[in-house]
Amino acid sequence: MPVKNAHRTAPAYQHYKQISYENLAASWFTADGWEVFMPVTDHDRKTDLVVADDNHYYRIQVKSLENGDDNVFVENKWREANIDYVIYFSRTSNWGYITPAFSEARRRLNSADHVRFHQHQKPFARAFNKA
């Protein structure tokens, strides 16, 4: 049976965890029939994924939160980047939010125009169709 022998530093573990959410979102988009593109680098562009149907392309930033409370403020970390949506995953609970990119410095995660989803492919797809 395989045994993982690598011991990651805390920053490396955080990076691996974040990448896992980006891959999870990419998988769910693919299962829903979207074309999914993952930039080789996204330095200063803030684009983790690009999803497309035949006519539209959407630039997406993926974030994860250590908080299990959705009544928190999230920071706008993409001010200069041209993105369409931000997807937030809770690391401690089984929910997430799909939000249109906003221009304010920060906004409450559970704002009225943000769409909550259960962390599973079908609820995620329904939420993205509402966003």
Check whether any side-chain N or O of [X] sits under 3.5 Å from a backbone N or O of [Y] as a donor-acceptor pair, and report yes or no.
X	Y	answer
D32	W28	no
D69	N71	yes
Q119	S90	yes
T9	A12	yes
S27	N23	no
Q18	S64	yes

Do the non-hydrogen side-chain atoms of [X] and [Y] ever get within less than 4.5 Å of each other?
X	Y	result
L109	L65	yes
K63	V74	no
K130	F128	no
V86	Y97	no
Q14	E66	yes
R116	N110	no
L24	F124	no
S103	R79	no

Is [X] atom [atom1] crowded by more than 12 heavy atoms from other residues, nucleotides or ligands, each under 6.0 Å away?
X	atom1	result
H118	NE2	yes
F73	CZ	yes
Y16	OH	no
E75	CD	yes

### Query
Using the benzene-type ring in the case of Trp, are the ring centres of W78 and F102 under 6.0 Å apart?
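Yes - the distance between ring centres of W78 and F102 falls below the 6.0 Å cut-off.
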### Query
For the residue pair F117 and F89, is the inter-centroid distance of their aromatic rings smaller than 6.0 Å?
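They qualify: ring centres under 6.0 Å apart.
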Looking only at heavy atoms, what is the nearest atom pair of [X] and [Y], with distance?
X	Y	result
G68	S93	CA-OG, 3.5 Å
L49	A25	CD1-CB, 3.9 Å
P39	D48	CD-O, 3.3 Å
D84	Y57	OD2-O, 3.9 Å

#### Entry: Stepwise side-chain contact (heavy atoms from CB on, under 4.5 Å) test for T99 and Y85
CA-CA 6 Å; T99 73; Y85 294 97; over 6 Å; no
### Message
Could you go through N94 and H120, starting from their C-alpha distance and side-chain angles, then the distance that decides it, and tell me whether this counts as side-chain contact (heavy atoms from CB on, under 4.5 Å)?
### Response
CA-CA 9 Å; N94 206 12; H120 189 268; over 6 Å; no
### Query
Between OH of Y21 and CD1 of I19, what distance do you get to the nearest 0.5 Å?
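One gets 13.0 Å once the value is rounded to the nearest 0.5 Å.
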